[in-house]
Number of protein chains: 2
Amino acid sequence: MGPNAEQRPPVMADVAKLAGVSHQTVSRVLNDHPNVRAETRTRVMWAIDELGYRRNLVARALVTRHSRTLGVVSFDSTLYGPASTVYGIEQAARAAGYFVSIVSLRTIDRAGVTDAIGYLAEQGVDGVVVVAPQRSAARALDDLPAGMPAVAVEGGHAGDVPVVSVDQVEGARLATLHLLDLGHETVWHVSGPADWLEAEGRTEGWRAVLTAAGRPVPEVLAGDWSPRSGYRAGKRLAAMADRVTAVFVANDQMALGVLRALTEEGVKVPEQISIVGFDDIPESEFFSPPLTTIRQDFGAVGRRSIDLLVRQIQSGGPLHERLVVPPQFIARASTSPLR
Amino acid sequence: MGPNAEQRPPVMADVAKLAGVSHQTVSRVLNDHPNVRAETRTRVMWAIDELGYRRNLVARALVTRHSRTLGVVSFDSTLYGPASTVYGIEQAARAAGYFVSIVSLRTIDRAGVTDAIGYLAEQGVDGVVVVAPQRSAARALDDLPAGMPAVAVEGGHAGDVPVVSVDQVEGARLATLHLLDLGHETVWHVSGPADWLEAEGRTEGWRAVLTAAGRPVPEVLAGDWSPRSGYRAGKRLAAMADRVTAVFVANDQMALGVLRALTEEGVKVPEQISIVGFDDIPESEFFSPPLTTIRQDFGAVGRRSIDLLVRQIQSGGPLHERLVVPPQFIARASTSPLR
DNA sequence: CCGAGTGATGTGAGCGTTCACATTCCGAGC
DNA sequence: GCTCGGAATGTGAACGCTCACATCACTCGG
């Protein structure tokens, strides 16, 4: 092996030697430092090209103490909501010049989230976004490593940490009001799982509207977001079809299950029962009938949370903000006036 | 400011001083080196705890040249398939002791993928998984940085890079054969977008079965995976309802659109037309009627690809393997024998 | 009772950058 | 021609860890 049998990728010193400058000048070129002669710059660029040099961001991170990487802790990113949120976050982070390191948890207990944040901290992320849609997960934000910038998405009352979320209560209000406006005496509700903050918010908004209007508040049918749980709720609703005329279902997947159950039992939607969902998944428009629902702007959630996180990283101090993204009502064919 | 006004997080030397050992002994404890006296170990552990020390993986990565981070290049992780694949990859990677850094591209041209891999390389990932469902994206694997271990998922003919994919052709065969077995004269096909390898595979399998059985091969109706494109295809199929009795739709979302269009036009499924989808998204079981479809095991795809990647990282050499995950036929209510 | 062997620990260098500071260069101004 | 100042460049020391090697303290067989 001669001295040229180097297998290691070229480093800054190699570029410097080839260009006939010091490693520091190479660094300056790479970092767009103003005080470099144009001719020197081109010579360095040429050498970089010649050697196929790529800078080593790990070494840079060691000295700057900034990795330009953000951590994302998420949960079951197969569900449409979390998946879209994570996608939005990733897009926004990259636009802001950050990499994204993701940990998706299967179960979402506090310890799991704390561990995940710990791993990310060791890995040197500059900040974390925690998608913590459940109470228990949100609590993990209380034991953040000192000085770690963080943002909670859909995270409820998260202590010192700023929160970005879609206004669930408002969405539920829109849905429920729409049904009351159509002349329905009251509105039934198929809820999400108990521990989820989004589920709580939706139930709360629904209840608030009914109470404010002086309408009876029917018993809540509990679901777990899955189409199957909606199907079960739908069967129960069908059995009460003489009393039920309008239902607000806490997400579109469950609404699909409800629709299916009602169809099986011969209950017509929207003629006999009106249905409103939540999320506006891409499928909703093609349900039978097309689903009236509430759209959440996940892209906006991602952008806002990254913006908040980056501002914290730059300022050093924590921000006590609470950003709310408004939901949007989408009218389709699953609701009709009470005849 | 006294000398104790340190704001910086503790480093290994701090732990060493407190425990009364050398930094190297601390390192040994952290890395489970066998030759450390039990008492020393506990003393070090105590010091670590006392200071709230966390090791700095960036510094470690600099010297070991391994970041224990894998890069994932994906594309629109909002679609059910890509989202599930990425989730499976992330789970498998973490189980294997790796972090995952994700780049999701909006558009999937070759340059974009090449750039993404380049960024990940600078960032020091030990290997990359490229979810490259399109021909153009798959081609980016030809210009990988030298010595970068890589695996393509759903990636077609990807040069030197091992590929893991679900057997699309076989899935399409299962779907088409099922329909022929029910007595249908031939099977129509709503395809995915042209550039997608998965779409090609599904069309190929469908065509192969028809040809082998000596049946007429109808014109392909082109879709783009979206429910809307399925809806448009459904309208056209409804217009030919006298000739069409069976349709294989290249994914479940489009199948939903087809279903919707047929329902609107008063065509009964499965009495007049039988439909088979592909993917088995969670919603399929609750379509009206519940959709007969082909299930893909995305978890298995994730595990296999990480396994392949980790083996490459450990062995140093590239592996020329090609792993195929079998699809599964799921019978539901959207198909029936030709009367 | 001594030297070899093994386990436990310490020492210093180096990973590839950037930072702080030192040095050199060059033209303007007197 | 000489000084001065800012632009352009170079030098050496970190950053926090692991690696290779050195050292030290024992145990054990002859």
Side-chain angles (χ1 to χ4, degrees), chain A residues 6-45 47-48 51-69 99 119 121-126 145, chain B residues 6-45 47-48 51-69 119 121-126 145 147:
Chain A
E6 285 289 345
Q7 274 306 51
R8 286 217 310 272
V11 300
M12 210 173 251
D14 301 325
V15 175
K17 197 190 299 172
L18 182 59
V21 297
S22 73
H23 61 123
Q24 176 62 329
T25 298
V26 177
S27 172
R28 278 191 265 258
V29 169
L30 250 29
N31 295 299
D32 288 320
H33 191 96
N35 293 348
V36 177
R37 205 148 39 104
E39 191 226 302
T40 309
R41 187 182 302 276
T42 48
R43 197 143 36 90
V44 169
M45 294 297 247
I48 287 176
L51 295 172
Y53 167 77
R54 306 203 82 108
R55 81 172 114 188
N56 182 332
L57 293 183
V58 171
R60 173 214 271 246
L62 180 59
V63 40
T64 61
R65 308 178 119 81
H66 294 299
S67 59
R68 294 207 72 86
T69 296
F99 288 95
Y119 291 139
E122 285 190 344
Q123 208 210 7
V125 298
D126 295 344
Chain B
E6 285 291 343
Q7 273 306 52
R8 286 219 309 275
V11 300
M12 208 174 253
D14 300 327
V15 175
K17 197 189 299 174
L18 182 59
V21 297
S22 74
H23 63 122
Q24 178 63 318
T25 297
V26 177
S27 172
R28 278 192 265 259
V29 169
L30 249 30
N31 294 300
D32 289 321
H33 191 95
N35 293 348
V36 178
R37 206 149 38 104
E39 192 226 301
T40 310
R41 184 182 304 275
T42 48
R43 199 144 36 90
V44 169
M45 294 296 248
I48 287 176
L51 295 172
Y53 168 76
R54 304 204 83 108
R55 80 172 114 188
N56 182 330
L57 293 183
V58 171
R60 173 215 269 248
L62 179 59
V63 41
T64 61
R65 311 178 115 83
H66 294 299
S67 60
R68 294 207 72 84
T69 297
Y119 292 140
E122 285 191 343
Q123 206 209 10
V125 298
D126 295 344

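Within every chain, numbering begins at 1; the chains are lettered A, B, ... in the order of the sequence lines, protein sequences first and strands thereafter.
- A:Asp14 contributes a side-chain N or O that, together with a main-chain N or O of A:Val11, makes up a donor-acceptor pair within less than 3.5 Å.
- Here the P atom of nucleotide D:dA8 and the CD atom of A:Glu39 are 12 Å apart, to the nearest Å.
- For A:Met12 and D:dT11, the CE to P distance is 16 Å, given to the nearest whole Å.
- Residue A:Val44 comes nearest to A:Val15 through the heavy atom pair O-CG1, 4.1 Å, listed as atom of the first residue, atom of the second, then distance.
- With no hydrogens or angles considered, no side-chain donor-acceptor pair links A:Arg65 and B:Asn56 at under 3.5 Å.
- In this structure, B:Arg43 and A:Tyr53 both approach DNA chain C, and ranking their closest nucleotides by distance from the 5' end singles out B:Arg43.
- Between B:Arg60 and D:dG16 there is no side-chain polar atom (N or O) within less than 4.0 angstrom of OP1 or OP2.
- If you check residues 19-28 of chain B against DNA chain D, the residues with a heavy atom closer than 4.0 Å are B:His23, B:Gln24, B:Ser27, listed by number.
- In this structure, B:Leu62 atom CG and D:dT18 atom C1' are separated by 10 Å, rounded to whole Å.
- Contact annotation: B:Asn56 side-chain N/O to D:dG16 OP1/OP2 distance is not under 4.0 Å.
- Computed from coordinates, the A:Arg65 CZ to D:dA14 P distance equals 13 Å when rounded to whole Å.
- When all heavy atoms of B:Leu62 and A:Val58 are compared, the closest pair comes out as N-CG1, 3.7 Å.
- In terms of modelled atom types and a separation under 3.5 Å, the side chain of B:Asp126 and the main chain of B:Arg68 share a donor-acceptor contact.
- Judged by distance alone, with hydrogens and angles left aside, the side-chain atoms of B:Thr40 form no donor-acceptor pair with the main-chain N or O of B:Val36 at under 3.5 Å.
- Rounded to whole Å, atom P of D:dA20 lies 12 Å from atom NE2 of B:His33.
- A:His66 has its NE2 atom 13 Å from the C1' atom of D:dC15, to the nearest Å.
- Of the possible polar contacts, none joining the A:Arg54 side chain to the B:Glu122 backbone as a donor-acceptor pair under 3.5 Å is found.
- Read 5' to 3', the first and last nucleotides of DNA chain C with an atom closer than 4.0 Å to a heavy atom of chain A are C:dG16 to C:dA20.
- Atom-to-atom, CG of B:Leu57 to P of D:dG16 comes out at 14 Å; the value is rounded to the nearest Å.
- A side-chain donor-acceptor contact under 3.5 Å links A:Ser67 to the backbone of A:Gly124.
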